[in-house]
Amino acid sequence: LPIARALVLLHARQMRDALSELDKMTPLWGGGPLPPPVSLQLRLYTFGVRAAVEATMKDEAAVARTATAIRQDAVAHPENRMAQSALHFAMGMQALAKGDRGGALTEWAQCLTDDTLCQGYLSMHSPDSASEPAPGTTRPIAPRAATRGYVNARDPIFLYLSSRGSTLP
């Protein structure tokens, strides 16, 4: 899927290419063949990755527009916990684009434990991840996820973190 390619391009610092891949997702959730709940989840994840790309580019205006789109979905679907989590992720990305790491961490701490995109960024930007682990040791992946005892080993964020030498919680 283009969204997986966009995540790889994001971490390879090829932002324009990542945005191009994300643009390919719109036909799938923008009135495409998917049922509405699936379409919403795909839209939220696409916008989440877009917010990460835009924040990495330090494009505050673009992140604000993306967060507004997610906010509209969260308001339209107050019962959808993933929509609420996506909103916290996007608001954290807005803070990060402004250079407010503390504000980003505060928002990301409110995400669902199984929101792997958000938990991945929380883990990567937490104060305990600011320095490299001592030789022979590793940093845990998304420690909050341990409370659920679940890790999706095919999730792109999990794969990325594990490739950096982190361990499972």
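None of these values were measured; they are calculated from a predicted model.
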Check: Glu21 side chain, Asp17 main-chain N or O, donor-acceptor pair, under 3.5 Å:
no
Can any side-chain N or O of Ser123 pair as donor or acceptor with the backbone N or O of Gln119 at less than 3.5 Å?
no
Take Glu54 and Thr66 through the side-chain hydrogen bond (donor to acceptor under 3.5 Å, both in side chains) test and state the conclusion after the steps.
CA-CA 9 Å; Glu54 293 164 345; Thr66 301; 2.7 Å; yes
Which atom pair, heavy atoms only, marks the closest approach of Pro78 to Val75?
CD-O, 3.3 Å
If you group Ile, Leu, Val, Met, Phe, Trp and Tyr by side-chain heavy-atom gaps below 4.5 Å, do Leu9 and Met57 land in one group?
no
Grouping I, L, V, M, F, W and Y whenever their side-chain heavy atoms are under 4.5 Å apart, do Met91 and Leu105 come out in a common cluster?
yes
Minimal heavy-atom distance between Ala69 and Phe47, with the atoms involved, is CB-CE1, 3.7 Å
Should Tyr121 and Met15 be regarded as members of a common hydrophobic cluster, given that ILVMFWY residues are connected when their side-chain heavy atoms come within less than 4.5 Å of each other, either directly or indirectly?
yes
Shortest non-hydrogen pair, Ala18 vs Leu10, comes out as CB-N, 4.1 Å
Do the side chains of Val49 and Met124 join up, straight or via other hydrophobic residues, at under 4.5 Å, putting them in one cluster?
yes
CG of Leu96 to CZ of Phe89: how many Å apart, nearest 0.5 Å?
9.0 Å
Would you indicate whether the side-chain heavy atoms of Gln94 and Glu60 approach each other to under 4.5 Å?
no
To the nearest 0.5 Å, tell me how far Gln84 CD sits from Asp73 CG.
10.0 Å
Using the salt bridge (Lys or Arg N to Asp or Glu O under 4.0 Å) rule, take Asp23 and Arg50 through it: C-alpha gap first, then chi angles, then the decisive distance, then the call.
CA-CA 9 Å; Asp23 289 340; Arg50 178 175 290 282; 2.5 Å; yes
Do the side chain of Trp108 and the main chain of Cys118 share a donor and acceptor less than 3.5 angstrom apart?
no
Could you walk me through whether Leu40 and His77 pass side chain to side chain contact (heavy atoms under 4.5 Å, CB included), step by step?
CA-CA 10 Å; Leu40 176 63; His77 304 279; 3.7 Å; yes
Check the pair Leu117, Leu7 against side chain to side chain contact (heavy atoms under 4.5 Å, CB included), reporting the backbone distance first and the verdict last.
CA-CA 10 Å; Leu117 183 62; Leu7 279 168; 4.3 Å; yes
Using the rule given for side chain to side chain contact (heavy atoms under 4.5 Å, CB included), can you reason through Asp115 versus His88, listing the C-alpha separation, both sets of side-chain angles and the distance that settles it, and then say yes or no?
CA-CA 11 Å; Asp115 182 342; His88 287 294; over 6 Å; no
The reported gap from OG1 in Thr106 to CG in Leu122 (rounded to nearest 0.5 angstrom) is 10.0 Å
Nearest heavy-atom pair of Gly92 and Ala104: which atoms, and what distance?
O-CB, 3.2 Å
Give, for atom CZ of Arg43 and atom CE of Met25, the distance between the pair rounded to the nearest 0.5 Å.
12.5 Å
Working for side chain to side chain contact (heavy atoms under 4.5 Å, CB included), residues Arg13 and Thr56:
CA-CA 9 Å; Arg13 301 284 190 203; Thr56 302; 2.7 Å; yes
Arg81 backbone acceptor or donor facing Ser85 side chain under 3.5 Å
no
Heavy-atom closest contact (Ala74 atom, Leu87 atom, distance):
CB-CD2, 4.0 Å
Without swapping roles, check the side chain of Thr68 against the backbone of Ala64 for a donor-acceptor pair under 3.5 Å.
yes
hydrophobic_cluster_shared for Leu28 and Val53, side chain cutoff 4.5 Å
yes
Heavy-atom pair with the smallest gap, counting every atom of Ala97 and Ala55:
CB-CA, 4.0 Å
Judged by atom type as modelled, is there a donor-acceptor pair below 3.5 Å linking the side chain of Glu107 to the main-chain atoms of Met93?
no
